[in-house]
Amino acid sequence: MVKRHASGDARHRGVFAELERLNIDVEKVDMVGNPAGLKAFLKLRDNHPAFESVKQNGYIGIPALVLENGDVVLDKDQLAAIFGK
């Protein structure tokens, strides 16, 4: 199962649509209404190398998809290749 760290922002709908199209089982991590979810995301963002480029460019790094193997996907265009669909 993929963990999805995202807000309800309309800009992220393309990622959600792609996950649905690929029929990917996703666990949503609420970062807005759940302080523990936000804390988990910030720990991930501060420590995972996948976020280095986004942090250097002043971005937050959401939506972020955490795969079962611990890899982080920040670009929806990578999903089809990763899941082979």
Side-chain angles (χ1 to χ4, degrees):
M1 177 182 296
V2 174
K3 283 189 177 183
R4 180 188 92 193
H5 294 267
S7 71
D9 193 306
R11 294 173 291 179
H12 304 154
R13 289 191 184 131
V15 173
F16 307 148
E18 183 67 359
L19 290 166
E20 277 189 31
R21 185 188 75 76
L22 295 168
N23 197 29
I24 306 301
D25 190 22
V26 176
E27 174 189 345
K28 180 182 175 187
V29 177
D30 180 10
M31 298 187 321
V32 177
N34 179 3
L38 177 59
K39 185 176 178 179
F41 170 73
L42 292 174
K43 181 177 180 181
L44 174 70
R45 182 179 175 265
D46 290 347
N47 294 294
H48 199 287
F51 290 91
E52 289 306 314
S53 176
V54 293
K55 289 190 300 187
Q56 288 175 357
N57 289 302
Y59 296 106
I60 297 170
I62 57 173
L65 305 170
V66 182
L67 307 182
E68 290 178 347
N69 66 1
D71 287 349
V72 174
V73 179
L74 299 170
D75 181 354
K76 78 172 179 72
D77 295 332
Q78 296 175 345
L79 294 174
I82 291 168
F83 291 101
K85 297 181 181 182

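Being a predicted model, the structure only gives us computed values, none of them experimental.
A distance of 12.0 Å separates CZ of Phe83 from CZ of Arg21, quoted to the nearest 0.5 Å. Atoms CG and CG, on Leu74 and Leu65 in that order, are 8.0 Å from each other to the nearest 0.5 Å.
For residues 73-82, no pair satisfies side-chain hydrogen bond (donor to acceptor under 3.5 Å, both in side chains), with sequence neighbours left out.
Every residue two or more places apart in sequence or in another chain that forms a salt bridge (Lys or Arg N to Asp or Glu O under 4.0 Å) with Lys55 is listed here: Glu52. For Glu20, there are no salt bridge (Lys or Arg N to Asp or Glu O under 4.0 Å) partners, not counting sequence neighbours. Take Asp71 and apply the side chain to side chain donor-acceptor pair (under 3.5 Å) test, not counting sequence neighbours, and it matches Asn69.
Put simply, the side chain of Ile24 does not reach to within 4.5 Å of the side chain of Leu79, judged on heavy atoms.
For Gly61 against Val54, the heavy-atom pair with the smallest separation is CA-CG2, 4.0 Å. When all heavy atoms are compared, the tightest approach of Met31 to Gly37 is CG-O, 3.9 Å. Residues Pro63 and Val15 approach most closely at CG-CG2, 3.6 Å, considering heavy atoms.
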Under 3.5 Å donor-acceptor pairs involving side-chain atoms of residues 40-51, not counting sequence neighbours:
from	atom 1	to	atom 2	distance (Å)
Arg45	NE	Ile60	O	2.6
Arg45	NH2	Tyr59	O	3.2
Asn47	ND2	Lys43	O	2.7
His48	ND1	Ala50	N	3.0
His48	NE2	Gly70	O	3.1

